Amino acid sequence: MHIPTPFWRVNRRRLRQLLLLLLVMVPLAPTASPVWSASAPSNSVSVQQTLGLYQKIPGLTSQQIEWGKTAIPRLHYNAQRILRKVCGLPGVNFDYARQVIERLGEERFSYEQVLTYEALADIGTMDIQSGLSALGTVKELSFEAGRSFRSFVGIQGVSTKQALGVISLFNTMDNANNRAAQAFFKINGMRVDIALKGLPAIMRLRNNQAKAAEAYAKTASMTTEIMLDGLELLAKLYQDDAWNARCLFINKSITANEAWNWLVGYFALPTNIQEAQYDKLDNRQKTILLQALYDGGSEVLWKINNLHAVTDQNGYELSDATLNGWSMQQIQAKFNELQPSVRARFGGVAGASKAQAIATLKQATSAARVQTARDLTLANAYAVMAQGSELYDSSFRDIMVPVLLARINSRNQGDLLSFLRSIDPDNLLVSDFISSCAQKGKLTAFFPTDSEKQKAILSLVADSAFHNEDSILLFSATLSHLLKALSPPARTHLITLMAQNSEDENAVFSKLINVILQYYLQTYPELLGAEDRVLISRMIVRHGAVNLEQYQLTPFAEWKQDGRLGSVSMYHPDDDGRQSFVSNANMLLSSGYRLVVSEQYSIPPMTPAFRAETQRWIGSGLVSLFQAMRNRHFAIAFIKQINGIQIVHTQFVYSDMDNQMEMLRRFIHIKDEMLAQRGHSYWRSEQIIEPLTKLIEENKVNQFNLRDKQRFLSLGSCGGVKVYTSLTRLFASSVDILATIGTGLAMINDPYNKMFFEIIAGNSSSITWKQVAQQSASIFRGERGQDYLLPGSLTAILHKILDEEQQANGDKPKNWFGGL
């Protein structure tokens, strides 16, 4: 809950007065440091343990013992743990102990550093001299380096000299390399000499190679011999191959010998040899590899999507103004990031004017996008296209489709059925691939005209679509696109297969499929033939109709109880985010909304000086205001009164993870109704998924907080069913969502978010999602809104049913986190 600023000012003043009083009242010992901790009471177990070990130091006088009784209770708990180890080291005396106590009073050691020091002291060969030296060494250790060190000293036979000798190595390694080292040291049969032999190889690994090494070391029955041999190959992998290998190695069915065979027989080979090797794999091996390529697809998706424009290392689009402000050296450096084959084709920018150099960079970047797709193996291209909703429309339609079509024409003479049977014999991704093509309007480019071949492909689709909840959800979201693309006989064949699957022994699967067919019969009968409608009607009679209206209830009565409807729109500080902010702000201002500072969502305390500063920025123009919101971490709001309801649209600009977490924490606890993500889809992780996940893990947001209110989530950016499902689960299924499984459009997002609250405020609380859709239908006119999933849609209903079934069965839904 937001607490008024004066309260904080008064209490900060009282807190400072109290601290000054405490400093006056507590007498300082002659050797005390200003950062001694008073966090541990003198009678605590930790203090008593530490005093007991301190008093065992040889040769202590009674005066020195009394000094310890005064100094030790004032140490931080972590410092006391380190001191206990020091007191037990050979050669310790009062002078050494006093030196350590004074240092521990001046420096704060983290818990991880404490654990590291304890592990070093437990080796048994450390004396007081090396113990003092180790304090400085351990203090410099990073979090992951400390974990690597403790894994190393856990190996039998490690000496203090060897342990101290590797600490500096761990501290120079990246986190990924440290995690690889930790997994390496824990392999059964590990010896000190083997660990020291493998460590240099681990240090040389780059990024994804190190991540692959970590997963490789953790495979079942891994041995030190297989690991050392594997490190040599892992260091030679391209980054994309290393990432795909990592995704394969985390498959729990993979053994160490199989992992080695995959390295030697596939990932370490050139792309053209990988292509030939794929045909030699058995069905199980193809399925394992396809799953890895699908799981690892995020890297390729990110690359192909980002190459739609010149971007920086974080994926921010670089505007023409930014590029024109670059030096020729900066332009050349950006050009050098592209693939060697692309650089060779364009030659570089040396000797060109700046305008020519920028034009060449843009052309080469566009070519690199196509080249990235061409460099994929056929299996990898297929796995990437199976995630079609995650690809920009241009990435899917203009890049991936032509590349894959050419490959199928060359390899399978254009026969899609033959291709699917050979590339995906267990039908792992068939449904996702076909659904993606249908949703992107490209199914006819691949689909045969022969009715029997269409039916055969649809049989593969059905086998693929109904093997788990997530595949059913994805299939349902794109079914309308698929039905429109099918011939009547093929469509009837698909409906028949679905009806057969509705008899599945898995009650959840059966219910989901029943609901899909019932929904289409009731909502889109025009997409079904007469035979299809009869078939579905008979199924409903047999199983009973599901009351779909109970899953379309709105929370509007609760929302309006306090006379306020609140939203938060989040923007990323790039060109696209700024443009989205400006367009949305202009629309709200032209609609009579009043612009004010949002004290609820501004991160710094709203002092009079800061409030005056924000007021100056409000009058500076929208572009300057956007930049100031990012730099000074304040939020603004657009306010309007409609039918006695105050509508508040807060605008928040991303600055860093901590501020984003704080904004989301306030959103959950303040209980505002709508959260809107604006801008590019690839910022969704930074804006919502990562910060909210961290809040849950730290128990700053819990299951009760999430389920206590039915919220609304507006995903204005490009999206897909996978992210729709992930966010539904992240919000504990207590959320209704507006999302697109295609390209997000500002001409839809801006007016819908405004009109949504206005419809709620202007109507009775009993209004339904169907009525909201009817009153906002003008926004979605024509074909431009066909890829949007509205609240109350089939996808929304299925998610609610799935959550209801899981709650009833006591199952823990996927993607839920430890804090819940």
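This chain uses plain numbering: 1 for the first residue, then up along the sequence. Values in this document were obtained by computation on a predicted structure and should not be read as measured data.
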Review point. With a cut-off of under 6.0 Å to the ring centre and 45° to the axis, is Lys218 in cation-pi contact with Phe249?
Key: no
Point to revise | Residue from Ile187, Leu228, Leu199 passing side-chain contact (heavy atoms from CB on, under 4.5 Å) with Ile194 | key: Leu228
Review point. Would you find more than 12 non-hydrogen atoms of other residues, nucleotides or ligands less than 6.0 Å from Lys139 atom NZ?
Key: yes
Practice item. For the pair Arg684 and Glu690, find out whether any cationic side-chain nitrogen is under 4.0 Å from an anionic carboxylate oxygen. Key: no
Check your understanding: Are side-chain N/O atoms of Gln182 and Glu214 paired as donor and acceptor at under 3.5 Å?
Key -> no
Exercise for review: Indicate whether the side chain of Gln156 and that of Arg191 have a donor and an acceptor atom separated by less than 3.5 Å.
Suggested key: no
Check your understanding: Do the side-chain N and O atoms of Asn468 and Ser471 include a donor-acceptor pair separated by under 3.5 angstrom?
Key -> yes
Practice item. Examine the side chains of Arg411 and Ser418 and answer whether a donor and an acceptor come within less than 3.5 Å of each other. Key: no
Exercise for review: Verify whether one side chain among Ser394 and Arg369 offers a donor that lies under 3.5 Å from an acceptor in the other.
Suggested key: yes
**Study point:** Plane angle bin for Phe267 and Trp262 - parallel if under 30°, tilted between 30 and 60°, otherwise perpendicular
**Key:** tilted
Check your understanding: Do the ring centers of Tyr382 and Phe419 come within less than 6.0 Å of each other?
Key -> yes
Review point. Any side-chain donor paired with an acceptor under 3.5 Å for Asp375 and Thr372?
Key: no
Exercise for review: For Asp426 and Thr287, test the side chains for any donor-to-acceptor distance below 3.5 angstrom and give the result as yes or no.
Suggested key: yes
**Study point:** Between Gln332 and Asn336: side-chain donor-acceptor atoms closer than 3.5 Å
**Key:** yes
Review point. Any chance the side chains of Gln660 and Asp656 put a donor and an acceptor closer than 3.5 Å?
Key: no
**Study point:** Donor on one side chain, acceptor on other, Asn251 and Ser253, under 3.5 Å
**Key:** yes
Exercise for review: Kindly indicate whether the side chain of Leu730, heavy atoms from C-beta on, has any atom under 4.5 Å from the side chain of Ile696.
Suggested key: yes
